[in-house]
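For reference, the structure is listed below as structure tokens.
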Amino acid sequence: MSVLIQRLKQPVVRVLAAFSGPRIVYGWRNADGTWCPHTRVSTHSCVEGRDKLVLQDHVFIGHFNRIDGSNGLLIEEGVQVTNYASILSHSSHQAVRVMGRRYVNDPNPQGYVRKATRIGAYSFIGPHSVIAPGAQVGKGVIVQGFSFVSGSVPDFAIVATREQGKRAEVVGDTREMDRALLERHPELQALYAQWAGKDHLRRALNGGGKASAAQKGVA
């Protein structure tokens, strides 16, 4: 399918999806004109602030997510966002709570958070997760479902919210998870190294990807 047909198909599919239900649309064009032919975005995910949102190629965004690019959001190559997740670059809840009725007419509300957010390459965002404004999620990360992520997440971390209302903690390392599959299918090792790097491939194969004690609870 040509790029032109893909671009013409997008608006038509989105209109039809209002009657037929959610659909995944192939192809995404960023505000700077960059075309990502392998990026797939649901017709039923809410995408805000597209002028400051950058999706790289091979990104997948499933149904019923909120993608907030209003203050800068970079979702790098190969990221998977499942369903019912919120990836945010602003937060108004504290400002609304403390300012009450004055909030709506104030051009610079107190407590309003504006921070750029980044999701690193080939990370996975589980369902019903919240990525807070300003979060910097490393590459190769798994965010387990129902997690609240803020701050920085190390590359290749597995993070989860162990206690309701608390932010996610590092509970594992995806390189440990990938080891058996990479050993069973050595033809995949070069592909893994292309985005992860040769050092991380070695760590995965040698079982050296265990998160250090200093990384625990960093998310």
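In what follows, residues are counted from 1 in the order of the sequence shown.
- Considering V59, L53, V54 as possible partners of W28, the one that fulfils the side-chain contact (heavy atoms from CB on, under 4.5 Å) test is L53.
- Contact check on R202 versus D199 returns a salt bridge, with a Lys/Arg side-chain nitrogen under 4.0 Å from an Asp/Glu carboxylate oxygen.
- Contact detail for Y192 and D178: the closest heavy-atom pair is OH-OD2, 3.0 Å.
- Looking at N83, its side chain never comes within 3.5 Å of a backbone N or O of G62 through a donor-acceptor pair.
- Looking at I75 and I67, their side chains come closer than 4.5 Å, going by heavy atoms from C-beta outward.
- Crowding of R114 atom CZ: a count of heavy atoms from other residues, nucleotides or ligands under 6.0 Å exceeding 12.
- When all heavy atoms are compared, the tightest approach of G138 to D155 is CA-OD1, 3.2 Å.
- Hydrophobic clustering of Ile, Leu, Val, Met, Phe, Trp and Tyr side chains at less than 4.5 Å, counting indirect connections, keeps L73 apart from V113.
- The distance from atom CG of N65 to atom OG1 of T82, rounded to the nearest 0.5 Å, is 6.5 Å.
- Heavy atoms of other residues, nucleotides or ligands lying less than 6.0 angstrom from CZ of R101 number 12 at most.
- Both Y122 and L188 are part of a single hydrophobic cluster, where members link through side-chain heavy atoms under 4.5 Å apart.
- H58 has its ring centre less than 6.0 Å from the ring centre of H38.
- Two residues are said to be in side-chain contact when any heavy atoms from C-beta on lie closer than 4.5 Å; P37 and W35 meet this criterion.
- The backbone N or O of G140 sits less than 3.5 Å from a side-chain atom of T174, completing a donor-acceptor pair.
- Evaluation of the salt bridge (charged side-chain N to carboxylate O under 4.0 Å, His left out) test over residues 30-40, restricted to residues two or more places apart or in two chains, returns none.
- Applying the salt bridge (charged side-chain N to carboxylate O under 4.0 Å, His left out) test to pairs two or more places apart or on separate chains, those with a residue in residues 180-197 are R179-E183.
- Note that the CZ atom of R175 and the CG atom of N206 stand 11.5 Å from one another [nearest 0.5 Å].
- For the residue pair K166 and F148, the shortest heavy atom distance occurs at O-CB, 4.2 Å.
- Here the CD-NE2 distance, from Q144 to H128, works out to 14.5 Å after rounding to the nearest 0.5 Å.
- Among all heavy-atom pairs drawn from S150 and A132, the shortest one is CB-CB, 3.9 Å.
- Exactly one of V153, V81, V149 qualifies for a side-chain contact (heavy atoms from CB on, under 4.5 Å) with I131. That residue is V149.
- Between R102 atom CZ and Q110 atom CD the span is 7.5 Å, to the nearest 0.5 Å.
- Annotation: side chain of Q56 is in contact with side chain of L74 (closest heavy-atom distance under 4.5 Å).
- Residue pairs satisfying the salt bridge (charged side-chain N to carboxylate O under 4.0 Å, His left out) criterion with at least one member in residues 67-88, sequence neighbours excluded, are listed as follows: E76-R118.
- Between L55 and V41, the closest side-chain pair of non-hydrogen atoms falls below 4.5 Å.
- Remark: W195 CH2 to H200 NE2 distance equals 8.5 Å, nearest 0.5 Å.
- Looking only at distances, no side-chain donor or acceptor of D173 sits under 3.5 Å from a matching main-chain atom of A157.
- In terms of heavy-atom proximity, A160 sits nearest to S147 at CA-OG, 3.4 Å.
- Within the 4.5 Å cutoff, the side chain of T117 has no heavy atoms near those of the L88 side chain.
- By the 4.5 Å heavy-atom criterion applied to side chains, I24 and F60 are counted as neighbours.
- Y112 and H90 have parallel rings, their planes meeting at less than 30° on a 0 to 90° scale where 60° marks the start of perpendicular.
- At distances below 3.5 Å, not a single donor-acceptor pair connects side-chain atoms of S42 with backbone N or O atoms of I61.
- F146 and V130 are not part of a single hydrophobic cluster, where members link through side-chain heavy atoms under 4.5 Å apart.
- Taken together through direct or relayed side-chain contacts under 4.5 Å among Ile, Leu, Val, Met, Phe, Trp and Tyr, L181 and L191 form parts of separate hydrophobic clusters.
- Of all non-hydrogen atoms in Q189 and L201, the two that sit nearest each other are O-CD2, 3.6 Å.
- In this structure, S70 and E48 have side chains that are not in contact, with every pair of non-hydrogen atoms separated by 4.5 Å or more.
- Only one option out of S129, S123, P127 pairs with V143 in a side-chain contact (heavy atoms from CB on, under 4.5 Å); it is S129.
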